[in-house]
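Since the model is a prediction, treat every value here as computed from it, not as a measurement.
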Number of protein chains: 2
Amino acid sequence: MENIIKILQKYNIQPSYQRIKILEILDKKREHMNVNMIYDELSKEIPTISKATIYNTVNAFVEKGLVNCLTITPEEARYDFDITPHHHLLCKKCGKIIDVHVKCPYTESMEIDGHRIEEIRGYFKGICKECLSHETL
Amino acid sequence: MENIIKILQKYNIQPSYQRIKILEILDKKREHMNVNMIYDELSKEIPTISKATIYNTVNAFVEKGLVNCLTITPEEARYDFDITPHHHLLCKKCGKIIDVHVKCPYTESMEIDGHRIEEIRGYFKGICKECLSHETL
DNA sequence: TTATAAAATTATAATTATTCCAATTATGGA
DNA sequence: TCCATAATTGGAATAATTATAATTTTATAA
Ligand SMILES: [Mn+2]
Ligand SMILES: [Mn+2]
Ligand SMILES: [Zn+2]
Ligand SMILES: [Zn+2]
C-alpha cells in the first residue's frame, strides 16, 4: 500500500484511492489482465467503480511508463506491471498470457535499416507447459 | 490475376471475384492494410462491395494460412500477404508499419521453458528512416 | 475550519471495429 | 436449364474504447 503510493508518486501520478487499488491488483495478479478482468476484480472491493476510471487509469499508467500495454490478443488490450524487457506467449489452448524470458539480441534502443527502434515486443503463440502436460494424460 | 487464382486454389479457397480482388490488393500494396484501407481501395473498382465480405475474406485467408494478421496497432487488425518470417516496426510519427528483416535466433517452432512455441511476432516501435530524415531538415 | 478551485470519478452517450444473421445473388455441376 | 450450395450483401448486434457532462473528492488558502 505505502509502497504502491510511492511508485505512483515516482511516476507523477496523484495516488487516488482507485488508482492505488488498480495498481495493487496489477501488482498482485501478474496475469496480464484486461480492463474487464480488473473491473470484475475491483468491483468486489469498490462496487461503485466505473469502467471509465479503469480506462483512464491504465491509459495514464501507460502514458507515464508505469505499465506496459500488450496487444497480443486482437480483441482487447492487456496490461503488464512488469516493465522489464521480456516477451509473451499466448497459449492457443487456455488463452493465458505467459512471460517468456529469452535473451533477445535486440536491445531496447538501436538502429535497424536506418530506422530508430525504441521498443521491442515479442509475441509468441503456442501451447503452454501446463496445457502440454494435460495433453499427454 | 491467373497467378492470384492459383494461389487461392493452392490454399483451398474458392477464387470468387471479390476474393481475387482482395488478394490482388494485398499483393500489390504491401503496406499492411487494415479492413478500411482495403475497403476504400476496392470500393473504387467494386462500389457494391460490403465490409462483411472483406472481414469474411481476410478471416478466411488468415484461417487458411495465406496471410498473416498483425496486432501491432491496438485499434484494428492489419493484414500481411508476406508470410515469410519477419518482424514489423510501427513508426510513432507517420504510423506506417514497415518490415524489419532481422535474423531472429528463435525459429518458428521450438521449446522455451517447457512451452511449445509455434509462431513468433516481433513488434518494434520507433521512428522510421523516412521520418528521421525529415527530422534533421 | 470553511470556501473554493482543480482534479478525479462516475454514468451515460458516442464511436469504432468486428461479428452475426437473414435475404439476395452468383456459381458449378447434373 | 435447374438446383443445390456457396458467396455476397446490408443492416442489426456486440464489444472495446473514448468523449462528455455532471457529481464527488481533494488540495489548499483564507
Ligand atoms: Mn509480462
Ligand atoms: Mn510485413
Ligand atoms: Zn495453456
Ligand atoms: Zn515514419
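- The distance from the CG atom of Leu42(A) to the OG1 atom of Thr57(A) is 9.5 Å, given to the nearest 0.5 Å.
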Applying salt bridge (Lys or Arg N to Asp or Glu O under 4.0 Å), run through Glu41(B) and Lys28(B) and close with a yes or a no. CA-CA 11 Å; Glu41(B) 198 61 34; Lys28(B) 188 169 43 152; 5.3 Å; no
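- In this structure, Glu75(B) places its CD atom 10 Å from C1' of dT17(D), rounding to the nearest Å.
- DNA chain D is contacted by both Pro47(B) and Arg19(B); Arg19(B) maps to the nucleotide lying nearer its 5′ end (nearest heavy atom per residue).
- Minimum atom distance to the side chain of Ala52(B) is reached by dG11(D), of the listed dT18(D), dT10(C), dG11(D).
- Atom pair Leu42(B):CG and dA7(D):P shows a separation of 18 Å (rounding to whole Å applied).
- For dT17(D), the OP1/OP2 oxygens have no side-chain nitrogen or oxygen of Asn59(A) closer than 4.0 Å.
- Residue Asn34(B) is the one, among Asn34(B) and Gln14(B), whose nearest nucleotide of DNA chain C lies closer to the 5' end (criterion: closest heavy atom).
- Taking only side-chain nitrogens and oxygens, Ser50(B) never comes nearer than 4.0 Å to OP1 or OP2 of dT8(D).
- Going from atom OH of Tyr17(A) over to atom P of dA7(C) covers 24 Å, rounded to whole Å.
- The shortest distance between the side-chain N/O atoms of Tyr55(B) and the OP1/OP2 oxygens of dT18(C) is below 4.0 Å.
- Checking Thr53(B) against Glu76(A), the closest nucleotide of DNA chain D that is more toward the 5' end is the one next to Thr53(B).
- Contact annotation: Asn56(A) side-chain N/O to dT18(D) OP1/OP2 distance is not under 4.0 Å.
- Distances shorter than 4.0 Å separate some side-chain N or O of Gln18(A) from OP1 or OP2 on dT9(C).
- Atom CD1 of Ile38(B) and atom C1' of dA17(C) are 14 Å apart (whole Å).
- The side chain of Ser16(B) lies closest to dA7(D), out of dG10(D), dA7(D), dT9(C).
- For the pair Arg78(A) CZ and dT17(D) P, the computed distance is 10 Å after rounding to whole Å.
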